[in-house]
A.B. asks: 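Starting off with a structure, shown below.
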Amino acid sequence: MATLKLFNTLGRRKEEFKPLYDNEVGMYTCGPTVYQYAHIGNLRTYIFEDILRRVLEYNNYKVKHVMNITDVGHLTSDADEGEDKMEVGARLAGKSAWEIAQLYTEAFFKDTERLNILKPHIVCKATDHIPEQIALIQKLEAKGFTYRTSDGIYFDVSKFPDYGKLAGQRLEEKEAGARVEVNPEKRNPADFALWKFSPKGVKRQMEWDSPWGVGFPGWHIECSAMSTKYLGQPFDIHCGGVDHIPIHHTNEIAQSEAAEGVKMANFWLHGEFMIVEGRRMGKSEGNAYLLDDLIKRGYDPLAFRYLCLNTHYRIQLNFTWQALDGAQTALERLREHVRTARAGGGDPAQGKISPEVRERFLAAINDDLNVPQALGVVWDFVRSPQNPSDKLATLLDFDRVLGLRLSEVHAEETVEVPQEVRELLTQREAARKAKNFKEADALRAKIAQLGYDVIDTPQGPKVKRR
RNA sequence: GGCGGCGUAGCCAAGGGGUAAGGCAAGGGUCUGCAAAACCCUCAUACACCGGUUCGACUCCGGUCGCCGCCUCCA
């Protein structure tokens, strides 16, 4: 079997993947900050992580997947100033921070479900793990990595020699480009808050007692506390978007490794960003589309998934409507292959998977998740002569990784056809029998106006919703 | 300003020192009363531009331009 190679940000090279324990893999993926809807750029990262998990499972690893929900403490500025995103969102919506978290968490999982992203085995909220976070901070305090300022407890990065190893950046280099320091109480510009005190005279919606005073945890500490709780330390794989490399993941590593004295995670994988029509994607650019925006335009969520599959996760994906059209058509054709095979009596349970084809597919996905190349294998296969059962068996096997829900495609899509359309169909068949094609075409146009396409087959006419 | 990535046909893209995967679109064909679907065929002397290394480069090196990112919240 082809060995699985993954690009490890830690070291910036492809490495052969080996789990820490037998064939079990602990995987932690940074989840959403639930203060707004996830846009398609966010979703791309979750699709990448889903592919990673599926590839691991395809390689017969038993994966334990943990994802956090950031529902407190993520500030609008990383200078440890600014406001908590949750509280801002709550104020803008006229709801409580808790309601906001609930609303956007549900919206997030609705999106991931529609994209056929497997749900993590453990989804953990930051607010449900306050004691664990406090305990971790205490551990750091006992080891002398922390200090107190007027607004919180901070991590002193100068005490952690490896700080910045993930980003390949040394502290001195960071300082060189740093902006004017806004918090004069910080010892080093890169120091970050572990615990923030509630502002004087302000009653926050989310705040807790702690040994240091009433307040809330810093953004990074939740991931350290929860990943250790559920996966132990070290664990196998930690992922997120590339933007997390220099700050969030760098700080997680500092906290976790300072506290436990061992490596946090063996492999760090990061998904590249999405750009739109060659331009930066952002709210101010007006191109930060939501999955709902695509659905409103008539696209299948899985067409978006297909689009993401067609670009390697470490390359920026240039989103264009034309490309999404192409993905939608390609996906539809793939489904058509499944339908035809089913209609031809194909039974996946009876089919055989060609070892050569499977080998090519596996070689692609095991080469740092080269799904675009794997799709090439799929198309080569699908367009070569196959018996229906073998074809189905192979496609459904590959779909364990692709996640395009091909197993849910059946020979016949049963659609409820209105009585009116049925009658027109009967009339049209009569006209065709009488070779009155002018009349038949006119009836077809009428049916089209009602929203259905007529397709003639040797077994009689079929209709398809437009 | 410092650091990094990318630039492959109309669009999305894989690849990698030995002569360009795949998908979409487009053109032609088989099938059909006509369509649709499916299937078959065609479709980059060429990989931003300019130099260099090499028997040979799109692939390596240097420079230029463009885009994206990080250093500062962001998947």
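A note on names: the letters A, B, ... follow the listed sequences, proteins ahead of strands, and every chain is numbered from 1. All values below were derived from every heavy atom in this structure, side-chain atoms included, with hydrogens, water molecules and symmetry-related copies excluded. Keep in mind it's a predicted model, so treat the numbers as computed, not measured.
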A.B. asks: Is there a Watson-Crick or G-U wobble partner for B:rG18 with both distances under 3.5 Å, and which nucleotide is it?
C.D. replies: B:rC55

A.B. asks: Just by distance, no angles: are the side chains of A:T320 and A:E277 close enough, under 3.5 Å, to form a donor-acceptor pair?
C.D. replies: no

A.B. asks: Once you apply a heavy-atom cut-off of 4.0 Å, does A:H39 come out as touching a base, just sugar-phosphate, or nothing?
C.D. replies: base

A.B. asks: Of the listed nucleotides (B:rC24, B:rG15, B:rC71), which one gets closest to any side-chain atom of A:P246?
C.D. replies: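 Closest nucleotide to the A:P246 side chain: B:rC71.
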
A.B. asks: On the nucleotide B:rC24, are OP1 or OP2 found under 4.0 Å from the side-chain N or O atoms that A:R333 carries?
C.D. replies: yes

A.B. asks: Given B:rA37, B:rG23, B:rA75, identify the nucleotide with an atom nearest to the side chain of A:A330.
C.D. replies: B:rG23

A.B. asks: Between A:R432 (side chain) and A:A440 (backbone), is there a donor-acceptor pair under 3.5 Å?
C.D. replies: no

A.B. asks: Ignoring the backbone of A:R432, work out which of B:rG33, B:rA35, B:rG22 is nearest its side chain.
C.D. replies: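 The answer is B:rG33.
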
A.B. asks: Heavy atoms only, 4.0 Å cut-off, all strands: where does A:L317 land among base, sugar-phosphate and nothing?
C.D. replies: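 Sugar-phosphate: the residue A:L317, judged by heavy atoms under 4.0 Å, touches backbone atoms but no base.
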
A.B. asks: CD of A:Q316 versus C1' of B:rC70: gap in Å, rounded?
C.D. replies: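 Result: 11 Å.
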
A.B. asks: Counting Watson-Crick and G-U wobble pairs only, both distances under 3.5 Å, name the nucleotide matched with B:rA37, or none.
C.D. replies: none

A.B. asks: Among the nucleotides B:rA75, B:rG15, B:rG10, which one has an atom lying closest to any side-chain atom of A:N42?
C.D. replies: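 Between B:rA75, B:rG15, B:rG10, the one nearest the side chain of A:N42 would be B:rA75.
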
A.B. asks: Answer with base, sugar-phosphate or nothing: what part of the nucleic acid does A:N370 contact at a heavy-atom distance below 4.0 Å?
C.D. replies: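 Counting heavy atoms under 4.0 Å across all strands, the contact made by A:N370 is with sugar-phosphate only.
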
A.B. asks: Side chain of A:F273: nearest nucleotide among B:rG15, B:rA37, B:rA75?
C.D. replies: B:rA75

A.B. asks: Can you tell me which nucleotide in B:rC34, B:rA75, B:rC12 comes closest to the side chain of A:N318?
C.D. replies: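 The closest nucleotide is B:rC12.
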
A.B. asks: What about A:D325: does its side chain form a donor-acceptor pair under 3.5 Å with the base of B:rC24?
C.D. replies: no

A.B. asks: In Watson-Crick or G-U wobble terms, both distances under 3.5 Å, what is the partner of B:rC6?
C.D. replies: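 Looking at the geometry, B:rC6 pairs with B:rG66.
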
A.B. asks: Distance check needed: B:rA35 P versus A:L425 CG, whole Å only.
C.D. replies: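 These atoms are roughly 20 Å apart.
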
A.B. asks: Counting any heavy atom closer than 4.0 Å, what does A:L324 reach on the DNA or RNA strands: base, sugar-phosphate only, or nothing?
C.D. replies: nothing

A.B. asks: Both conditions, 6.0 Å and 45 degrees, for the charged tip of A:K119 above the ring of A:F109: are they met here?
C.D. replies: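 Because its charged atom sits under 6.0 Å from the ring centre and within 45° of the axis, A:K119 does stack over A:F109.
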
A.B. asks: In whole angstrom, what separates A:W219's CH2 from B:rU72's P?
C.D. replies: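 Checked: the CH2 to P distance equals 13 Å.
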
A.B. asks: Name the nucleic acid region contacted by A:V454, choosing base, sugar-phosphate or nothing; use a 4.0 angstrom heavy-atom cut-off, strictly under.
C.D. replies: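 Base contact.
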
A.B. asks: Sticking with atom C1', work out how far B:rG51 lies from B:rC65, rounded to a whole angstrom.
C.D. replies: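 Roughly 15 Å separates the two C1' atoms.
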
A.B. asks: Just verifying a value: how many Å separate A:N68 CG and A:Y230 OH, rounded to the nearest 0.5 Å?
C.D. replies: 11.0 Å

A.B. asks: Rounded to the Å, how far apart are A:R280 CZ and B:rC6 C1'?
C.D. replies: 17 Å

A.B. asks: What is the distance from CE of A:M281 to C1' of B:rA75, rounded to the nearest Å?
C.D. replies: 9 Å

A.B. asks: Under 4.0 Å between a Lys/Arg side-chain N and an Asp/Glu carboxylate O for A:D367 and A:K5?
C.D. replies: no

A.B. asks: Does B:rA35 have its OP1 or OP2 closer than 4.0 Å to a side-chain nitrogen or oxygen of A:R444?
C.D. replies: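 No.
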
A.B. asks: Can you tell me the base-pairing partner of B:rA26? Count Watson-Crick or G-U wobble geometry only, both distances below 3.5 Å, and say none if there is no partner.
C.D. replies: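 Base partner found: B:rU42.
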
A.B. asks: Between P on B:rG10 and CD on A:E277, what's the gap in Å once rounded to a whole number?
C.D. replies: 16 Å

A.B. asks: Which residue lies toward the 5' end of RNA chain B, A:R428 or A:G376, if each is placed at its nearest nucleotide?
C.D. replies: A:G376

A.B. asks: Should the side chain of A:D441 and the base of B:rG33 be counted as holding a donor-acceptor pair, with the cut-off at 3.5 Å?
C.D. replies: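 Check passes, donor-acceptor contact within cut-off.
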
A.B. asks: Categorize A:T329 for me: base, sugar-phosphate, or nothing, with a 4.0 angstrom heavy-atom threshold over every strand shown.
C.D. replies: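 Sugar-phosphate, backbone atoms only, no base.
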
A.B. asks: Looking only at side-chain atoms of A:I315, point me to the closest of B:rC24, B:rA14, B:rG33.
C.D. replies: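 Of the candidates, B:rA14 comes closest.
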
A.B. asks: Would you confirm whether the ring centroid of A:Y104 sits within less than 6.0 angstrom of the ring centroid of A:Y35?
C.D. replies: no

A.B. asks: Looking only at side-chain atoms of A:W379, point me to the closest of B:rA75, B:rG33, B:rG23.
C.D. replies: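 Nearest nucleotide to the side chain: B:rG23.
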
A.B. asks: Please work out if A:G240 contacts a base, only the sugar-phosphate, or nothing of the nucleic acid, heavy-atom cut-off 4.0 Å.
C.D. replies: sugar-phosphate

A.B. asks: Does B:rG1 have a Watson-Crick or wobble partner in any strand here, with both distances under 3.5 angstrom, and which is it?
C.D. replies: B:rC71

A.B. asks: Could you give the distance separating B:rC71 and B:rC47 at their C1' atoms, to the nearest angstrom?
C.D. replies: 32 Å

A.B. asks: Determine the Euclidean distance between corresponding C1' atoms of B:rG4 and B:rC41; express it in Å to zero decimal places.
C.D. replies: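 Going atom to atom, C1' in each nucleotide, I get 45 Å.
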
A.B. asks: Let me spell it out: for each of A:H312 and A:R12, pick the nucleotide of RNA chain B with the closest heavy atom. Which residue's pick is nearer the 5' end?
C.D. replies: A:R12

A.B. asks: Of the candidate nucleotides B:rC39, B:rC6, B:rG23, which contains the atom at the shortest distance from the side chain of A:H337?
C.D. replies: B:rC39

A.B. asks: Rounded to whole angstroms, how far apart are CD on A:Q373 and P on B:rA20?
C.D. replies: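 Rounded to the whole Å, the gap is 17 Å.
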
A.B. asks: With a 6.0 Å cut-off on ring centres, are A:W219 and A:H244 close enough?
C.D. replies: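 So the answer is yes for these two rings.
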
A.B. asks: Measuring from the side chain of A:R279 (C-beta onward, heavy atoms only), which nucleotide among B:rA35, B:rG69, B:rC67 has the closest atom?
C.D. replies: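 Per side-chain heavy atoms of A:R279, the pick is B:rC67.
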
A.B. asks: Tell me whether A:R204 forms a cation-pi arrangement with A:F216, defined as NZ or CZ under 6.0 Å from the six-membered ring centre and within 45 degrees of its axis.
C.D. replies: yes

A.B. asks: Can you tell me the pairing partner of B:rU32 across any strand shown, Watson-Crick or G-U wobble, with both distances under 3.5 angstrom?
C.D. replies: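 Across any shown strand, B:rU32 pairs with none.
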
A.B. asks: In this structure, how many angstroms lie between the C1' atom of B:rG23 and the CD atom of A:Q322, rounded?
C.D. replies: 13 Å

